[in-house]
Amino acid sequence: MTNETFAKDIDQGLRAPFKHISSKYFYDDIGSVIFQDIMKMPEYYPTPCEFEILSVHREDIIQKLDFHEPFNIIEFGAGDGMKTRQLLKKLIEKKVDFTYVPIDISQKAIDELEANMISHLPGLKIKSLVGNYFSMVEELAMFKKPGLFLFLGSNIGNYTDPEANELLGQFNSHMRKGDKLLIGFDLQKNPATIRNAYDDSQGITKAFNMNLLQRINRELGGNFKKEFFDFYSHYNPVNGEVRSYLVSLKQQDVHLNATDKCYSFRQNELIWTELSKKYTFSEIEMLAKVSGFRLIENFMDCKHYFTDSLWVKD
Ligand code: AVJ
């Protein structure tokens, strides 16, 4: 991503009638560290749930892949790879021939992941790619082996329904018949459990959101004052949407050098920063179907908080 794209997106988002900033901009070097802290919070259940799924059900997942020749495991937005490692470890133990292909936007994240994976799994064949999903997906078309695609951590929850259809449809169009997708969905559950995961008492999620303003100040020459903004997050159990916002605490103007413009905020005006959608099983089935997949199985943790759903393109 160039600074120009960032400036254009922020300019557009802050001039809109309902202000918004894409959650993809959370993940600069500082934001990625804060997200690591989120994953360690007791309230943030998705990480341990998915870890459990990939530990407990890995034999079953491997069996359902039904690959009989060397294959690639292509992971989108790989993160620290702790969860994925559970699956890879089992494959190596079983002497299955595969290559792990993590894709991430951050070179730093990829370097750390690669070092980490190799130290834990010395025999692992790994071929990292740095870039965004879409351009890398193009490159993947060159691979001639079957593929298991991983899109874990409920990253899909950040996309609206039409965006999710579009993204998964794009994945599908770059996959071959018989390729599989293992995709993580956070499930609808007791609303209080979900609310607490996104509005933690220590303010770590707040810091994660506030970092957006610091990033804009640093990279786009902004003069946001973080004491004049607050954080608000809301779960709507009727539609399964967590929506997170920054709130302007007073009428104020903010200037960005990169666009040479001023942006006005009313008192209590919101900047929408994130959607974290929680799914029902019928929504998951629907999403698989409309994006060209057949659902093979939903693997779950014992509390049924989360599912890694295995899909095939046939
Ligand atoms: C990385 C997108 C899965 O939505 O749960 C965590 C990011 N935001 N707490 C999520 C996040 C606030 C996370 N994902």
Side-chain angles (χ1 to χ4, degrees), residues 20-54 75-84 102-106 109 113 132-133 150-161 163-164 167-168 182-213 215 230-237 239-247 270-279 283-284 287 301 303 305-309:
H20 55 89
I21 300 174
S22 166
S23 58
K24 72 177 179 219
Y25 292 122
F26 281 143
Y27 304 92
D28 64 350
D29 288 349
I30 298 169
S32 300
V33 170
I34 304 175
F35 182 59
Q36 300 284 329
D37 293 337
I38 288 178
M39 289 195 290
K40 289 180 207 140
M41 308 189 313
E43 299 94 332
Y44 194 72
Y45 59 82
T47 308
C49 288
E50 195 171 43
F51 186 87
E52 178 190 329
I53 295 168
L54 292 174
E75 178 158 26
F76 297 106
D80 71 355
M82 256 264 276
K83 293 172 288 180
T84 309
I103 305 178
D104 202 285
I105 191 82
S106 149
L113 173 72
N132 68 47
Y133 303 154
L150 301 178
F151 195 48
L152 302 177
S154 195
N155 288 326
I156 193 67
N158 283 166
Y159 297 81
T160 63
D161 281 345
E163 287 168 351
L167 179 70
L168 296 173
L182 187 67
I183 174 170
F185 292 96
D186 196 8
L187 297 167
Q188 294 186 14
K189 61 184 66 60
N190 185 331
T193 305
I194 295 174
R195 183 192 56 208
N196 293 341
Y198 291 87
D199 197 5
D200 64 284
S201 50
Q202 285 186 77
I204 298 175
T205 313
K206 175 176 174 172
F208 188 52
N209 278 257
M210 287 295 190
N211 177 55
L212 276 175
L213 302 183
R215 178 175 185 183
D230 198 359
F231 166 68
Y232 179 75
S233 173
H234 167 258
Y235 176 57
N236 178 353
N239 63 12
E241 291 183 353
V242 174
R243 286 183 181 249
S244 302
Y245 305 91
L246 289 160
V247 186
L270 304 173
I271 309 172
W272 179 34
T273 55
E274 188 172 39
L275 168 67
S276 295
K277 160 101 179 142
K278 310 304 165 194
Y279 288 83
E283 287 173 320
I284 293 171
L287 197 53
D301 59 294
K303 288 192 288 220
Y305 277 7
F306 200 95
T307 184
D308 279 335
S309 193

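All values derive from a computational prediction rather than experimental measurement. Just follow the structure's listing: the first ligand is 1, and inside any ligand the first atom is 1. For the single chain, residues carry numbers from 1 onward in sequence order.
Residue pairs meeting the salt bridge (charged side-chain N to carboxylate O under 4.0 Å, His left out) criterion with at least one partner in residues 150-159, sequence neighbours excluded, are absent. Listed by first and then second residue, the salt bridge (charged side-chain N to carboxylate O under 4.0 Å, His left out) pairs involving residues 195-211 are Lys206-Asp230 (not counting sequence neighbours). Residue pairs that meet the salt bridge (charged side-chain N to carboxylate O under 4.0 Å, His left out) test with at least one member in residues 26-43, sequence neighbours left out, are Asp28-Arg218, Asp37-Lys40.
Classification of the Tyr159-Phe151 ring pair by plane angle, with boundaries at 30° and 60°, yields tilted.
Protein residues lining ligand 1, listed by chain and number: Tyr27, Phe35, Ile38, Tyr44, Gly153, Ser154, Asn155, Asn158, Tyr198, Thr205, Phe208, Glu274, Ser276 [non-hydrogen atoms, distance under 4.0 Å].
Ring centers of Phe208 and Tyr27: under 6.0 Å apart, within the cut-off.
Side-chain atoms of Lys189 and Tyr45 form a donor-acceptor pair, as typed in the model, at a separation below 3.5 Å.
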